[in-house]
Amino acid sequence: MPGTDAGPSTVPAPTPRRKRRTGGDLAFTTRGRLRGVGKHVLLIAAAIVMIYPLLWMLVSSFRPSDDVFRAPGLWLTEAHPENYANGWNALTSPFGTYLLNSTIVVLGSIVGNLVSCSMAAYAFARLEFWGKKWFFGAMLITIMLPIHVIIVPQYILFSQLGWVNTFAPLIVPKLLATDAFFVFLMVQFIRGIPRELDEAARIDGAGHPRIFLRVILPLMTPALATTTIFTFIWTWSDFFSQLIYLTSPDVFTVPVALRAFVDAQSSTDWGSMFAMSVVTLLPVFFAFLIGQKFLVKGIATTGIK
């Protein structure tokens, strides 16, 4: 009617039509699935190749010594669990003695690296002193020095101190921040922490010791966890240094004790040696699993809140 305003007419929106898959789309989806399956097959095959030596060692630990290198692959005709009992008591002392010695060296090395490397890293990252860049560069140069270059002067020094055939040469250097890799790792981590936290703590009257202990150290959980994991693995499996400094069977660690199973003048009990090798790998395996959990937890929970 004239004089009346008609409201806007509402037109229903068209319903979207379901897109039909063409032959090309189906072929593309099929190729993508086949590509994914192929990647998983390759990864599984690579994993089997990588863990094959461990599986072979585990199977060989149940074989008699005469069949270790003659039996085919991973096939086990008969099991000999007595290899573990024989290997445990094969040397001059029970194998638990060598596990205890390695534990003492590992714990001392972990504590030394955590304390000394974190303090040195804080000094390089937060303090200002003369020659800081030169000292930091000299510290990085030591990473490129192989242990074979410094082992002779170190042995002469420790021999004059009367530390040979003790755990001191393996633990005391860790208390002096000699592992430059961990110092560099922590320095880079501390540099990522904002200095505003230090300034806020300094306004509250905190000095460098309190800032380090109450502010920086709690935020360094990922770096500390990484240092702990790598120190454990590297120290537990270290053979060269422990062979040089430990000469008495009473202070042998696990790597040196395993070397004692091999005798060039008589027959070697391979079954017992592989059995003790499996026992030696168990702490590393569980330490990596537990340490990995704490490492991931530290990365997820640390930071500025």
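There is no path of hydrophobic side-chain contacts, each under 4.5 Å, that joins M57 to W75. Grouping the Ile, Leu, Val, Met, Phe, Trp and Tyr side chains by contacts below 4.5 angstrom, directly or via other members, places L127 with M220. Following chains of ILVMFWY side-chain contacts shorter than 4.5 Å, one cannot reach M50 starting from L43, and the two form parts of different hydrophobic clusters. L175 and L161 fall into different hydrophobic clusters, where Ile, Leu, Val, Met, Phe, Trp and Tyr residues are linked whenever their side-chain heavy atoms come under 4.5 Å apart, directly or through other members. Linking ILVMFWY residues whenever their side-chain heavy atoms come closer than 4.5 Å, directly or via other members, places F129 and I216 in the same cluster.
Not counting sequence neighbours, the partners of S61 by the side chain to side chain donor-acceptor pair (under 3.5 Å) test are Y84.
Annotation: side chain of R126 is in contact with side chain of I193 (closest heavy-atom distance under 4.5 Å). Two residues are said to be in side-chain contact when any heavy atoms from C-beta on lie closer than 4.5 Å; S116 and L176 fail this criterion. Looking at heavy atoms from C-beta onward, F240 lies in side-chain contact with H148 at the 4.5 angstrom threshold. Counting heavy atoms from C-beta on, the side chains of T142 and I150 never come closer than 4.5 Å. In this structure, the side chains of P283 and T280 stay at 4.5 Å or more apart for every pair of heavy atoms. Looking at heavy atoms from C-beta onward, F189 lies out of side-chain contact with S118 at the 4.5 angstrom threshold. Looking at Y122 and I211, their side chains come closer than 4.5 Å, going by heavy atoms from C-beta outward. Within the 4.5 Å cutoff, the side chain of L258 has no heavy atoms near those of the Y98 side chain.
Ring pair F261/F95 is tilted by interplanar angle, where 30° to 60° counts as tilted.
T235 and S109 get closest at one heavy-atom pair: CG2-OG, 3.7 Å. Considering every non-hydrogen atom in both W236 and V106, the closest pair reads CE3-CG2, 3.7 Å. Looking at every heavy atom in both residues, M186 comes nearest to A223 through CG-CB, 4.3 Å. Nearest heavy atoms, I104 versus I171: O-CD1, 3.9 Å. Nearest heavy atoms, P173 versus A168: CD-O, 3.6 Å. Listed here is the closest heavy atom pair of V164 and S159: CG2-CA, 3.6 Å.
Under a cut-off of 6.0 angstrom, the local environment of CE in M119 is sparse, with at most 12 non-hydrogen atoms contributed by other residues, nucleotides or ligands. Around atom OH of Y52, more than 12 heavy atoms belonging to other residues, nucleotides or ligands sit under 6.0 Å away. Annotation: F167, atom CZ; neighbour count of heavy atoms from other residues, nucleotides and ligands within 6.0 Å is above 12.
Put simply, the side chain of Q154 never gets that close to the backbone of P169: no donor and acceptor are under 3.5 Å apart. Under the 3.5 Å distance criterion, the side-chain polar atoms of K132 are matched with a main-chain donor or acceptor of F124. With hydrogens and angles disregarded, no donor-acceptor distance shorter than 3.5 Å links the side chain of N165 to the backbone of L246. Between the side chain of N83 and the main chain of A275, no donor-acceptor pair closer than 3.5 Å is present.
Judged purely by distance below 3.5 Å, without hydrogens or angles, the side chains of N113 and T231 pair a donor atom with an acceptor atom.
Between atom CZ of residue R35 and atom NZ of residue K39 there is a gap of 7.0 Å, rounded to the nearest 0.5 Å. Between W234 atom CH2 and I229 atom CD1 the span is 11.5 Å, to the nearest 0.5 Å. Distance CG/D238 to CG/L170: 7.5 Å, rounded to 0.5 Å. Taken from CG in L91 to OG in S272, the straight-line distance is 9.5 Å, to the nearest 0.5 Å. The OG1 atom of T228 sits 4.0 Å away from the CG atom of L114 when rounded to the nearest 0.5 Å. N89 contributes atom CG, which lies 11.0 Å from atom OG1 of T92 (distance to the nearest 0.5 angstrom).
For R195 and E199, the salt-bridge test fails: no basic side-chain N is under 4.0 Å from an acidic carboxylate O.
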Checklist line | Working for side-chain contact (heavy atoms from CB on, under 4.5 Å), residues V279 and L99 | finding: CA-CA 9 Å; V279 173; L99 292 174; 4.3 Å; yes
Checklist line | CA sep, side-chain torsions, deciding dist, call: S241, I147, side-chain contact (heavy atoms from CB on, under 4.5 Å) | finding: CA-CA 9 Å; S241 300; I147 188 176; 3.0 Å; yes
Checklist line | Candidate pair R202 and H208, rule side-chain contact (heavy atoms from CB on, under 4.5 Å), full reasoning | finding: CA-CA 8 Å; R202 194 172 291 110; H208 285 293; 3.8 Å; yes
Margin query: Walk me through whether L281 and L54 qualify under side-chain contact (heavy atoms from CB on, under 4.5 Å).
Written below: CA-CA 10 Å; L281 284 179; L54 297 177; 3.8 Å; yes
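Two rings, from W163 and Y245, have their centers 6.0 Å or more apart. Under the 6.0 Å cut-off for aromatic ring centres, W56 and F274 qualify, their centroids lying closer than that.
A cation-pi arrangement, defined by a distance under 6.0 Å to the six-membered ring centre and an angle within 45 degrees of its axis, is present between R191 and F136.
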